[in-house]
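The block underneath contains the structure these notes are about, expressed in structure tokens.
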Amino acid sequence: LTAGGSTVSALVASLARARGIRVISLVRGDAAGMATKSNADITLSVDAPDFPVSILQATESMRVSALLDSVGGANTAKLFGVLRPGARVVAYGAQDGSAIPVTNAMLVYQNLTWIGFGIDHWLAGISADRYHAMLSSLWQLIRAGSLSLPVAGRYPLEQARDALQAESSPDRLGKVLLIA
């Protein structure tokens, strides 16, 4: 389960799917319009009333093993009810700066593990061999077409203003590239 319809979320979904892991992506706005961009098996909107029920319906009441959260905020706490006991919650972003209303009981009685993940600290702590193995693996997935790097648009330098406007679009999924 990935919360946050960002480029990083789409890449995480691609990596998970390449490893045979089913992915539900949560996005803001129109889930149907974002479905192809999310790279997930199922895409649902957090704007829908009672969206956690939609998750359970989509999984035929099977609870979710992991939550990768790039957003935070009140919706994160709502997702704890769809997690299976022993699930892991990994926070890797903070798009919503508001507090997450979670109690110790929510963590303890489901045996949840909640951790933060910052790529900069992780990269600083891995060996050169592991780093090169990771890059090699990612390049193999890209060459095989299993991992696509989402691009929202390509703009010549003369259209830099249009590129900036596209970059600030709330519905954008993928990078905006300036090309020479």
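Distance check: I42 CD1 to Q57 CD gives 11.0 Å after rounding to the nearest 0.5 Å. Within the model, atoms OG1 of T76 and CG of D96 stand 7.5 Å from one another, a figure rounded to the nearest 0.5 Å. Note that NE2 of H121 is 14.0 Å distant from CD1 of I126, once rounded to the nearest 0.5 Å. Atoms CG and CG, on L178 and L164 in that order, are 7.5 Å from each other to the nearest 0.5 Å. A distance of 9.5 Å separates CG of N104 from OH of Y109, quoted to the nearest 0.5 Å. Going from atom CG of L177 over to atom NZ of K175 covers 9.5 Å, rounded to the nearest 0.5 Å.
Looking at heavy atoms from C-beta onward, V71 lies in side-chain contact with Q95 at the 4.5 angstrom threshold. No side-chain heavy atom of M106 sits less than 4.5 Å from a side-chain heavy atom of L112. Side-chain contact between L68 and Y92 is present, with at least one heavy-atom pair separated by less than 4.5 Å. Looking at heavy atoms from C-beta onward, L83 lies in side-chain contact with Q110 at the 4.5 angstrom threshold. Considering only heavy atoms from C-beta on, L123 comes within 4.5 Å of Y131 through its side chain. Under the 4.5 Å side-chain criterion, counting only non-hydrogen atoms from C-beta, R84 is in contact with S65. Under the 4.5 Å side-chain criterion, counting only non-hydrogen atoms from C-beta, L138 is in contact with L147. Contact annotation: the side chain of L44 approaches that of I55 to within less than 4.5 Å [non-hydrogen atoms, C-beta and beyond].
Residues passing the side chain to side chain contact (heavy atoms under 4.5 Å, CB included) test with S127 are D129, R130, sequence neighbours excluded.
Scanning both residues, G72 and I100, for their nearest heavy atoms gives CA-CD1, 3.9 Å. Smallest separation of non-hydrogen atoms from A74 and P101: CA-CD, 3.9 Å. Nearest heavy-atom pair, D41 versus R22, reported as atom, atom and distance to 0.1 Å: OD2-CA, 3.0 Å. Shortest non-hydrogen contact noted between V176 and A152 is CG2-CB, 4.3 Å.
Cluster annotation: L107 is connected to V64 through the hydrophobic network of ILVMFWY side chains, with a link wherever side-chain heavy atoms come within less than 4.5 Å. Clustering ILVMFWY residues whenever any of their side-chain heavy atoms sit less than 4.5 angstrom apart, transitively, puts V102 in the very cluster that holds V82. Taking hydrophobic clusters as Ile, Leu, Val, Met, Phe, Trp and Tyr residues chained together by side-chain heavy-atom distances below 4.5 Å, L56 shares a cluster with F51. Clustering ILVMFWY residues whenever any of their side-chain heavy atoms sit less than 4.5 angstrom apart, transitively, puts V151 in a cluster other than the one holding L157. Residue W139 is grouped with residue V12 when hydrophobic side chains (ILVMFWY) are merged at heavy-atom distances under 4.5 angstrom, including chains of intermediate members.
Around atom CG of D120, more than 12 heavy atoms belonging to other residues, nucleotides or ligands sit under 6.0 Å away. Annotation: M134, atom CE; neighbour count of heavy atoms from other residues, nucleotides and ligands within 6.0 Å is above 12.
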(request) Before giving the answer on side-chain contact (heavy atoms from CB on, under 4.5 Å), spell out for V89 and T113 the whole-Å C-alpha distance, their side-chain angles and the decisive distance to 0.1 Å. (result) CA-CA 6 Å; V89 179; T113 301; over 6 Å; no
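Between the side chain of S168 and the main chain of Q165, a donor-acceptor pair closer than 3.5 Å is present.
Relative orientation of the F117 and W122 rings is tilted, given thresholds of 30° and 60° on the angle between their planes.
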